[in-house]
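Just so you know, these numbers use all the heavy atoms, side chains as well, and skip hydrogens, waters and symmetry mates.
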Amino acid sequence: MDDSGGFKKTQLRPHLNEYWCIPPKENAAFVACMEDVLDIYEMPYNPDLPVICMDEKPYQLLDDAREPLSIRPGDILKIDSEYIRKGTSSIFVFTEVLAGWRHVSAREHRTAIDWAEEMCYLLEECYPDKEKIILVMDNLNTHALSSLYKRYAPQKARALAKRLEIHYIPKHGSWLNIAEIELNAMTRQCLARRIDTLEHLQQQLSIWEHQRNENQRTVTWQFTAADARVKLISLYPQLE
């Protein structure tokens, strides 16, 4: 973050261009969603009301065009720069930050049906004994209770919906989603290589998930609404 309120995403080329997550200035809708999410992050840990952050990312499946060179003692694995495209997939991540828990899965698509099935798994398999969970996520068109009705019968869709308390990240505010931090760690630790099939990807994600949960890796979030009113003052409408 810099003084203008922008949050750096990725650098395209040194000194030429950088991608930033730049929120709009003087936007009441943005700050309302932001402060709502920040208040959720300040809540003390309550095992009976888990706070889950959810995010997703596309992932391209790739295979080697040529066999890597054999590794010699004291050398590194040499991989040819040419690759073969094997399709695309979507990775879903859910994390209960205060408990040091996360779940990741890979799917062929990222449709409303996929989101609904992921939510059903989260509620019925990961948190079957919780009356309600708080869900923080980006406001995408598939991230809606209506998606549950596209996949399940009304009775089941409503039963799932009643167990969700949803809080949306504001548009242009993806830096507020703690699950994005988890995605970045996963990308560095698990995906910095070529993976050629959806099955292989799911296998590697499961290994990474298990190891990270074993270590109970957590994120310490310290940015509050009070901080935002000072550091991101340009986002707030002018007060009389």
Side-chain angles (χ1 to χ4, degrees), residues 7 9 19 21-24 27-41 43 49-60 88-99 101-128 130-187 198 201-202 205 209 219 221:
F7 284 76
K9 299 291 284 183
Y19 287 118
C21 187
I22 303 175
N27 189 290
F30 184 96
V31 298
C33 285
M34 176 180 67
E35 292 204 351
D36 176 57
V37 170
L38 292 176
D39 283 350
I40 292 295
Y41 291 166
M43 292 172 56
L49 185 60
V51 175
I52 312 296
C53 295
M54 176 262 170
D55 204 355
E56 57 183 276
K57 68 170 290 180
Y59 181 75
Q60 187 170 41
T88 59
S89 63
S90 185
I91 298 174
F92 291 78
V93 60
F94 298 87
T95 179
E96 185 185 356
V97 180
L98 296 180
W101 174 90
R102 74 278 301 140
H103 169 66
V104 291
S105 67
R107 288 177 167 266
E108 187 175 356
H109 306 291
R110 53 182 300 182
T111 65
I113 301 300
D114 293 291
W115 182 84
E117 291 179 350
E118 289 293 330
M119 295 312 306
C120 182
Y121 181 87
L122 179 72
L123 292 167
E124 295 188 345
E125 301 296 330
C126 300
Y127 293 94
K130 305 303 179 185
E131 182 177 349
K132 187 181 289 289
I133 68 171
I134 296 175
L135 182 65
V136 178
M137 60 182 175
D138 293 341
N139 192 6
L140 301 181
N141 62 338
T142 57
H143 296 175
L145 296 180
S146 59
S147 295
L148 299 173
Y149 288 84
K150 294 179 181 180
R151 172 61 179 87
Y152 300 108
Q155 296 84 350
K156 181 170 183 175
R158 185 56 190 159
L160 294 172
K162 288 171 65 176
R163 296 179 59 200
L164 293 173
E165 179 184 321
I166 296 176
H167 296 259
Y168 287 113
I169 300 292
K171 293 182 179 180
H172 304 288
S174 59
W175 55 271
L176 282 162
N177 194 343
I178 294 179
E180 186 170 279
I181 299 174
E182 201 68 35
L183 276 176
N184 290 336
M186 179 193 66
T187 300
L198 187 63
L201 174 61
Q202 184 64 67
L205 290 175
E209 172 191 311
V219 174
W221 185 273

Determine yes or no for a side-chain-to-main-chain donor-acceptor pair under 3.5 angstrom, with [X] supplying the side chain and [Y] the backbone.
X: Glu108; Y: Ser89; result: no
X: Arg163; Y: Lys130; result: yes
X: His143; Y: Asp138; result: yes
X: Asp39; Y: Asp36; result: no
X: Gln202; Y: Ala106; result: yes
X: Ser147; Y: Thr142; result: yes
X: Lys57; Y: Leu183; result: no

[X] versus [Y], closest heavy-atom pair with distance:
X: Trp115; Y: Met54; result: CD1-CE, 3.8 Å
X: His109; Y: Ser90; result: O-CB, 3.7 Å
X: Met119; Y: Leu164; result: CE-CD2, 3.7 Å
X: Leu49; Y: Lys132; result: CD1-O, 3.5 Å
X: Val136; Y: Asn177; result: O-OD1, 4.3 Å

(message) As an exercise, state the distance from OH of Tyr149 to CZ of Arg158, rounded to the nearest 0.5 Å.
(response) 5.0 Å
(request) To the nearest 0.5 angstrom, please state how far the CD atom of Glu96 sits from the CD1 atom of Ile134. (result) 10.5 Å
Side-chain heavy atoms of [X] within contact of [Y], under 4.5 Å:
X: Ile91; Y: Leu205; value: yes
X: Leu98; Y: Val51; value: no
X: Val104; Y: Thr95; value: no
X: Met137; Y: Tyr168; value: yes

(request) Take the angle between the ring planes of Tyr127 and Trp101 and call it parallel below 30°, perpendicular above 60°, tilted in between. (result) perpendicular
(message) Students often mix this up, so state it plainly: with edges at 30° and 60°, are the rings of Tyr41 and Trp221 parallel, tilted or perpendicular?
(response) perpendicular
(message) Tell me whether Arg151 is salt-bridged to Glu117, with the criterion being a basic N under 4.0 Å from an acidic carboxylate O.
(response) yes
